[in-house]
Amino acid sequence: MARVLLGVTGGIAAYKACELARRLVLAGHDVFPLLTRGAERFVTKETFAALTRRSVGDDPYPHLTKADLLVIAPLTANTLAKLAHGLADDVLTEAALAHRGLILVAPAMNAGMWEHPATQANAETLRSRGVELIGPAAGELAEGETGVGRMAEPEEIFARCQELLGGRNGPLEGRRVLVTAGGTREPLDSARFVGNRSSGRMGVALAEEARRRGAEVTLVASNLAVAAPRGVEIVEAHTAADVEREVGARASRADVVLMAAAVADYRPAEELGSKRPKDERPWPLDLVPTVDVIASLSRRRSNGQILVAFGAGEGEAGLERKRRMLTDKDVDLVVYNDVSRDDIGFDAPDNEVVIVGRAGERRVGKAPKARVAAEILDEVETLVGG
Ligand SMILES: Cc1cc2nc3c(=O)[nH]c(=O)nc-3n(C[C@H](O)[C@H](O)[C@H](O)COP(=O)(O)O)c2cc1C
């Protein structure tokens, strides 16, 4: 059973939220409806109280911070704008701010409202914060016109809720997955650092996909340039030493460790305590190797833990070097990224990888990182199951 907050706003599709409420309750979830005053012009609190087996006067506040999922269907242009700007002038928008779990929204409005640049910008703001949008779909709209703005069907929203709710019955349910993402920054002084171009997109996509498959996910995040995913535990780690410490503290509990972060191989030998003033003299840097986190994990890993290393290199020669990690570092899989290309790898939305395992190699053609993450987890699932 999961705790679900069901937001309903004042659109003509509000009546369809009754069907969504019914399905969520039938699936065994504890559903708390939150209707805006706009929604009450279309549907009644009594209907939702009855469908969710509550009393109209039930106090929502105890549920606000405990819910696993906030789903808002339909989502009006008005509440979409309020969410994007952090307004909290009714119980639904207050809940959205207080809520730490997953958020799924189903916008529904006429095509003009949806296409308006203000609405599009607001939708993009929500996406960038990790809110998932479902629809709107193209089709017949309330005023008799056709266009994009129709709410996704309740069955489709329900199915997505089920997937998001911890991937109940997902293939990785009951497994603990530890993922690292981003790029470390090794301080030179109090203002400057030696870093790399990793945005964290690949690791975030892996964390999201593992969560979708039902795993309990911890993400050790190094200076992410993208929003952290919802519904996973986030642990910040800025330097290679931080990654070593945070991963080391958690690895023994993990069934799968996915080391997608670009952890510095070298760090400045000396860190100045305050900012070095600018002058005309050169500043020669002495770099020393950092601890090899993967090698130390591999030495300490317990039976059955799946360890996946990510390696960046250039061309086929780079791939050949990374193949050796299978034996040199005794990992189960190596995911090779060619970083000589601009259109994939570092800080790009797409990736193209070679997944190297003991049983063979698989080339994953250029695809969005979410798709690549799914392919990598397919391989991991085979190993977990085998
Ligand atoms: C008959 C009718 C239908 C409406 N349908 C929609 C709709 O589908 N989508 C939408 O964004 N607004 C729609 N509106 C406008 C909203 O009800 C209005 O913006 C309201 O302030 C929304 O409040 P809420 O977001 O707090 O629920 C409709 C208004 C009326 C009178």
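None of these values were measured; they are calculated from a predicted model. Numbering of residues begins at 1 and proceeds along the displayed sequence.
Under a hydrophobic clustering in which Ile, Leu, Val, Met, Phe, Trp and Tyr are joined whenever their side-chain heavy atoms come within less than 4.5 Å, directly or via other members, Leu172 and Met259 fall into different clusters. Residues Leu133 and Met113 are members of one and the same hydrophobic cluster, defined by side-chain heavy-atom contacts under 4.5 angstrom among Ile, Leu, Val, Met, Phe, Trp and Tyr. Both Val243 and Leu307 are assigned to one and the same hydrophobic cluster, defined by single-linkage of ILVMFWY side chains at heavy-atom distances under 4.5 Å. When the side chains of ILVMFWY residues are joined at heavy-atom separations under 4.5 Å, either directly or via intervening members, Leu6 and Ile157 end up in a single hydrophobic cluster.
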* **Audit row: Asp90, Arg37, salt bridge (charged side-chain N to carboxylate O under 4.0 Å, His left out) steps and yes/no** => CA-CA 9 Å; Asp90 59 23; Arg37 285 178 62 188; over 6 Å; no
* salt bridge (charged side-chain N to carboxylate O under 4.0 Å, His left out) between Arg363 and Glu316: does it pass, once the steps are laid out? -> CA-CA 13 Å; Arg363 284 180 190 258; Glu316 287 299 312; 3.6 Å; yes
* To do: List the steps, then state whether salt bridge (charged side-chain N to carboxylate O under 4.0 Å, His left out) holds for Glu163 with Arg160.
  => CA-CA 5 Å; Glu163 282 174 9; Arg160 189 68 193 128; 2.4 Å; yes
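Looking at Val353, Leu206, Leu333, Val334 one by one, the single match for side chain to side chain contact (heavy atoms under 4.5 Å, CB included) with Phe310 turns out to be Leu206. For the side chain to side chain contact (heavy atoms under 4.5 Å, CB included) with Val71, the lone residue among Ile103, Val105, Leu104, Val31 that qualifies is Leu104. Put simply, the residue from Val384, Leu178, Val256, Val257 that forms a side chain to side chain contact (heavy atoms under 4.5 Å, CB included) with Gln305 is Val257. Paired with Val354 under the rule side chain to side chain contact (heavy atoms under 4.5 Å, CB included), one option of Leu319, Asn337, Asp338 passes, and it is Leu319.
With no hydrogens or angles considered, no side-chain donor-acceptor pair links Thr119 and Asn122 at under 3.5 Å. For Glu94 and His99, the side-chain atoms include no donor-acceptor pair closer than 3.5 Å. Residues Thr44 and Thr47 bring a donor and an acceptor atom of their side chains to less than 3.5 Å of each other. Glu233 and Thr218 are linked by a side-chain donor-acceptor pair at a separation below 3.5 angstrom, with hydrogens and angles left out of the test.
A salt bridge between Arg54 and Asp58 is present, with a side-chain N of the basic residue lying under 4.0 Å from a carboxylate O of the acidic one. A salt bridge does not link Arg299 to Asp330: none of the charged side-chain nitrogens sits closer than 4.0 Å to a carboxylate oxygen. The pair Glu209-Arg213 counts as a salt bridge, with a side-chain nitrogen and a carboxylate oxygen less than 4.0 angstrom apart. A salt bridge does not link Asp350 with Lys369: none of the charged nitrogens is closer than 4.0 Å to a carboxylate oxygen. A salt bridge does not link Glu216 to Arg175: none of the charged nitrogens lies less than 4.0 Å from a carboxylate oxygen. Of the charged side-chain nitrogens involved, none lies within less than 4.0 Å of a carboxylate oxygen, so that Asp30 and Lys66 do not count as a salt-bridged pair. For Arg127 and Glu132, the salt-bridge test fails: no basic side-chain N is under 4.0 Å from an acidic carboxylate O.
The main-chain N or O of Val293 is found under 3.5 Å from a side-chain atom of Ser296 such that the two form a donor-acceptor pair. Checking side-chain atoms of Ser222 against main-chain N and O of Ala237 turns up a donor-acceptor pair under 3.5 Å. Of the possible polar contacts, none joining the Thr79 side chain to the Leu75 backbone as a donor-acceptor pair under 3.5 Å is found. Distance alone, capped at 3.5 Å, is enough to place a donor-acceptor pair between the Asn196 side chain and the Ala262 backbone. With hydrogens and angles ignored, the 3.5 Å screen pairs no side-chain donor or acceptor of Ser55 with any backbone N or O of Gly57. Panel note: side chain His29, backbone Val4; no donor-acceptor pair is recorded below 3.5 Å. Using a distance-only test at 3.5 Å, with no hydrogens or angles considered, no donor-acceptor pair links the side chain of Thr52 to the main chain of Phe32. The backbone N or O of Thr76 lies less than 3.5 Å from a partner atom in the side chain of Thr9, making a donor-acceptor pair. The backbone N or O of Glu375 lies less than 3.5 Å from no partner atom in the side chain of Asp378, so there is not a single donor-acceptor pair. Listed for the Ser198 side chain is a donor-acceptor partner under 3.5 Å among the backbone atoms of Gly182.
Atom CH2 of Trp283 and atom CZ of Arg281 lie 10.5 Å apart (nearest 0.5 Å). With rounding to the nearest 0.5 angstrom, the CG atom of Leu92 is 9.0 Å from the CG atom of Leu35. Separating the CD1 atom in Ile234 from the CG atom in Leu219 is a distance of 4.5 Å, to the nearest 0.5 Å. Interatomic distance, Thr290 OG1 to Arg267 CZ, rounded to the nearest 0.5 Å: 8.0 Å. Here the straight-line distance linking atom CD1 of Ile376 with atom CD of Glu381 works out to 13.0 Å at 0.5 Å rounding. Residue Tyr336 holds its OH atom at 9.5 Å from CZ of Arg323, rounded to the nearest 0.5 Å.
By the neighbour-count criterion of 12 heavy atoms within 6.0 Å, atom NZ of Lys45 is sparsely surrounded, having that number or fewer from other residues, nucleotides or ligands. Counting non-hydrogen atoms of neighbouring residues, nucleotides and ligands closer than 6.0 angstrom, the CZ atom of Arg358 exceeds 12 such neighbours. Environment of CZ in Arg253: sparse, with no more than 12 heavy atoms of neighbouring residues, nucleotides or ligands closer than 6.0 Å.
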